[in-house]
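Report on the following structure.
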Number of protein chains: 2
Amino acid sequence: MTTGMPLLLTVEIAPFTICAERLAVLLVRQAATWRLPGGPVGCQDDLDDAARRHLAQQTGLSGIYLEQLYTFGAPGRSSGQRAVAVAYYALVRAGYSLAESVLASGETRWVAVDEMPHLALDHADIVALAQRRLAAKLAYSTIALQLLPEDFTLSQLQAVHEIILGEVLDKRNFRKRILALDCIEVTGEMARRHGHRPARLFRAKCPGQVDFIK
Amino acid sequence: MTTGMPLLLTVEIAPFTICAERLAVLLVRQAATWRLPGGPVGCQDDLDDAARRHLAQQTGLSGIYLEQLYTFGAPGRSSGQRAVAVAYYALVRAGYSLAESVLASGETRWVAVDEMPHLALDHADIVALAQRRLAAKLAYSTIALQLLPEDFTLSQLQAVHEIILGEVLDKRNFRKRILALDCIEVTGEMARRHGHRPARLFRAKCPGQVDFIK
DNA sequence: ACAAAAGTGTTTTTGTTACACCCATGT
DNA sequence: ACATGGGTGTAACAAAAACACTTTTGT
């Protein structure tokens, strides 16, 4: 085994949320270009910890779902020093408020995935890959619950699926399928939004946990 | 962005094959312990290229299916210098003959996954994760074809599935399902093994390519 | 009263599972 | 002739898809 080499290892995180009925990713501006939050992996950092640390420092996000995605290491991906990036994606519950201090600067903002500006390096590839992974996971896990607040309605959950999949789903079939999974339960509370019948609120039986199904 | 840091990046590859009706992984011996082939990522290497290079150098394997699996970076995973490993798995077609020079040394051998010795570092985790990924991929891709020679019988393909899944499958249902995928075709040739009716040989319509199905 | 979203079952279609016998060859 | 694996179809069942109307609230 040889000794160290001049190679930079970074983590880059694509944080997703549902915002204004669309899937959005959180970008930070650096100099003139937009990029994903992230940065170098410290010498004593676990990779996941490094990702959480940079995410918290650059965006204030913490305590959210985070999953390793893929490691990008093409020699040409960064100009200058050779950099290898361990890419992650993260899920932020709808309605999560970023700290004023973070948003006010204008250096950090949610951008709908179909309206993204040009991103630094290969960050657009990371977002595209994460989006595909997320869509695939809807079919065999309870991951969508990570994009909703603790209490939510079935219509909200259906909307999350529809937005990510980009197609409309049948309400009755959707509800039947979700309830059969036995991963959510009624709270007894009602969501009273205006102008129509109130909806029952549900919550995850195992919040914070993403289960595989079937 | 900071400059380089004393952090070692390696690739580690779990090469699988079907050997004597079992799933086996290729191990190399280093000092007193067995480990997966792999080694440091050079400064100009693409990650995939680094994996292929180490694999070729240490085992003689080349031109085989290779897929990135996961990146392992817990600070305690290596003693001494901090090392981050980009893990891969590779698939070697049954019957592939390793070069005499490689095998003769006794430093390199196929080991059934359920009879593995203690492995260096977290290499046992890599093998376990790769094995799960491989089993999962059988359900939604044509990946099993990468473990068979160019021409093969349906019984051989079924055996690959059964060995990886660890369960027996119904012959008629299996054949129906596989043929419905329309990813293999008859060659017209027959496999004449001894003592029974010859089997039709098939080959992949897109050899070397792993398609997603359904 | 009306607009707007919530809630609710049945039928049809599709895919999956279970299952047993004859065939072609080598010995 | 027998042993060995190769090859084949159908019926039962389960899962997924299609489909429309009533309910409850706010205005």
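Sequence lines set the chain letters: A, B, ... in the order given, protein chains first and strands last, and positions in each chain run from 1.
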Item to check | Qualifying side-chain hydrogen bond (donor to acceptor under 3.5 Å, both in side chains) pairs with a residue from residues 16-26 of chain B, counting only residues at least two apart or across chains | outcome: B/Arg22-B/Asp114, B/Arg22-B/Glu115
Next on the checklist: In this structure, how many angstroms lie between the P atom of C/dT25 and the NE2 atom of B/His196, rounded?
Outcome noted: 12 Å
Next on the checklist: Is any side-chain heavy atom of B/Trp34 closer than 4.5 Å to one of B/His118?
Outcome noted: no
Checklist entry - Whole Å only: how far is the CZ atom of A/Arg177 from the P atom of D/dA18? => result 14 Å
Next on the checklist: Any salt bridge linking A/Arg200 with A/Glu189? Criterion: basic side-chain nitrogen under 4.0 Å from a carboxylate oxygen.
Outcome noted: no
Checklist entry - Applying the side chain to side chain contact (heavy atoms under 4.5 Å, CB included) test to B/Thr142, which of B/Val210, B/Ile178, B/Ile184 qualifies? => result B/Val210
Checklist entry - What is the minimum heavy-atom distance between A/Gly38 and A/Ile13, and which atoms define it? => result CA-CD1, 4.0 Å
Next on the checklist: Can you list, in residue-number order, the parts of residues 151-176 of chain B that come under 4.0 Å of DNA chain C, counting heavy atoms only?
Outcome noted: B/Asp170, B/Arg172, B/Asn173, B/Lys176
Checklist outcome for this item: Whole-Å distance, B/Ile178 CD1 to D/dG7 P, equals 14 Å
Next on the checklist: Tell me the interatomic distance from B/Leu179, atom CG, to D/dT8, atom C1', rounded to whole angstroms.
Outcome noted: 12 Å
Checklist outcome for this item: Of A/Pro198 and B/His194, the one whose nearest nucleotide on DNA chain D sits closer to the 5' end is B/His194
Checklist entry - Does B/Arg200 make a side-chain N or O approach to OP1 or OP2 of D/dT8 shorter than 4.0 Å? => result yes
Item to check | Between C1' of C/dC23 and CE of B/Met190, the distance in whole Å | outcome: 11 Å
Checklist entry - Once you round it to whole Å, what is the distance between P of C/dA5 and CZ of A/Arg192? => result 18 Å
Item to check | Ion pair A/Arg93/A/Glu150, N-O distance below 4.0 Å | outcome: no
